[in-house]
Amino acid sequence: AQKVTQAQTEISVVEKEDVTLDCVYETRDTTYYLFWYKQPPSGELVFLIRRNSFDEQNEISGRYSWNFQKSTSSFNFTITASQVVDSAVYFCALSEAGNNDMRFGAGTRLTVKP
Amino acid sequence: EAQVTQNPRYLITVTGKKLTVTCSQNMNHEYMSWYRQDPGLGLRQIYYSMNVEVTDKGDVPEGYKVSRKEKRNFPLILESPSPNQTSLYFCASSFGTGVREQYFGPGTRLTVT
């Protein structure tokens, strides 16, 4: 069965530090999709990125970057030069093409201090 | 404005009193889903629906029912709520199947005493 592990429960950094949030997944499917969502203190869930299993190219969007490595079943998320507004809970999620259900990790709470 | 709405946003109820949490989307999405969020457990999928009259169990379906009679609506029904169903509930929708970006509602905080 599919599984997502976010081993870091909480991370605290000082503004302008770089920070990496880890995500390790398990699946038997060859076609699957990986996601990251952000949940700021206001509580809503915000989509950040979707990656399919055939696209291992790293992605960069402003201060955000994602490193997808099938060899280690990881899909890590890095925030460069963190800001206080990055403080949130971040969820990694996995969906298998043959399944249509979605499996989330437990989330990592990131606190960025001024 | 494209959105997923949930009602009510907050609900306090007693054990055994049937309740329904409504979910509606205005984006003509085929896929809709319910999740519950609990501390340390992340989001866990309760039920999902691929289209009208098509529903399927997620990870934690026990104690919940859903229906999809119209494409835009996907209510979550607790026939006999218990305290272990106290949680934060999210409805979500997406185009096509469950492998696409999901749009989430604002959440419903349910307390069962």
Side-chain angles (χ1 to χ4, degrees), chain A residues 1-10 21-27 29-55 59 61 66 88-110, chain B residues 1-6 9-10 23 25 27 29-51 54-61 64 66 68 74 87-110:
Chain A
Q2 67 209 79
K3 183 179 177 182
V4 177
T5 302
Q6 295 179 256
Q8 304 150 308
T9 306
E10 294 192 29
L21 310 182
D22 297 333
C23 173
V24 174
Y25 62 92
E26 293 176 30
T27 178
D29 220 332
T30 55
T31 304
Y32 53 89
Y33 298 81
L34 295 161
F35 303 80
W36 277 94
Y37 285 87
K38 174 182 179 179
Q39 187 177 43
S42 49
E44 74 272 23
L45 283 149
V46 179
F47 167 79
L48 294 177
I49 190 171
R50 170 180 179 260
R51 246 323 174 235
N52 74 57
S53 53
F54 299 109
D55 183 0
E59 174 123 358
S61 176
W66 291 269
V89 180
Y90 291 87
F91 292 100
C92 181
L94 165 70
S95 186
E96 295 171 338
N99 250 350
N100 292 306
D101 59 355
M102 177 82 81
R103 191 67 54 91
F104 281 78
T108 297
R109 180 178 299 278
L110 173 65
Chain B
E1 181 192 352
Q3 60 182 350
V4 179
T5 57
Q6 296 178 227
R9 295 288 313 279
Y10 302 90
C23 172
Q25 49 92 6
M27 295 169 279
H29 285 168
E30 293 80 14
Y31 185 94
M32 296 186 75
S33 181
W34 277 102
Y35 299 88
R36 59 177 289 174
Q37 182 178 2
D38 301 290
L41 296 176
L43 282 88
R44 293 179 293 168
Q45 196 168 35
I46 302 171
Y47 270 95
Y48 61 92
S49 168
M50 300 286 290
N51 214 322
V54 181
T55 62
D56 215 337
K57 296 178 180 178
D59 253 353
V60 288
Y64 304 95
V66 292
R68 187 95 181 269
F74 191 45
S87 188
L88 177 59
Y89 291 87
F90 286 98
C91 180
S93 70
S94 69
F95 283 113
T97 65
V99 299
R100 294 183 177 272
E101 165 195 355
Q102 293 189 23
Y103 295 78
F104 284 82
T108 295
R109 187 164 292 282
L110 171 66

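Chain letters run A, B, ... following the sequence lines, proteins first and then strands; every chain starts at 1.
Looking at T31(A) and V99(B), their side chains never come closer than 4.5 Å, going by heavy atoms from C-beta outward. Under the 4.5 Å side-chain criterion, counting only non-hydrogen atoms from C-beta, F104(B) is not in contact with Q39(A).
Summarising the geometry, atom CG belonging to D101(A) is positioned 7.0 Å from atom CG belonging to D59(B); distances are rounded to the nearest 0.5 Å. Annotation: the span from Q102(B) atom CD to Y37(A) atom OH amounts to 5.0 Å, rounded to 0.5 Å. Separating the CZ atom in R50(A) from the OG atom in S94(B) is a distance of 9.0 Å, to the nearest 0.5 Å. Expressed to the nearest 0.5 Å, how far CZ of F90(B) lies from CZ of F104(A) amounts to 10.0 Å. Once rounded to the nearest 0.5 Å, the distance linking OH of Y33(A) with CZ of R100(B) reads 7.5 Å. Taken from OG in S95(A) to OH in Y48(B), the straight-line distance is 8.5 Å, to the nearest 0.5 Å.
Of the two parts of Y103(B), neither the backbone nor the side chain holds a non-hydrogen atom closer than 4.5 Å to a non-hydrogen atom of chain A. Looking at L43(B), the atoms closer than 4.5 Å to chain A (heavy atoms on both sides) sit in the backbone and in the side chain alike. For R103(A), the part lying near chain B is the side chain, with the backbone staying farther off; criterion is any non-hydrogen pair under 4.5 Å.
Closest approach of E101(B) and F35(A) over heavy atoms only: N-CE2, 3.9 Å. Summarising the geometry of A106(A) relative to G40(B), their closest heavy-atom pair is CB-O, 3.5 Å, with the distance given to 0.1 Å.
More than 12 heavy-atom neighbours from other residues, nucleotides or ligands sit within 6.0 angstrom of CZ on F54(A).
No other option in A93(A), S42(A), G105(A), A97(A) has as many heavy-atom pairs under 4.5 Å with chain B as G105(A). Of the listed residues M50(B), Q45(B), R44(B), the one with more heavy-atom pairs under 4.5 angstrom with chain A than any other is Q45(B).
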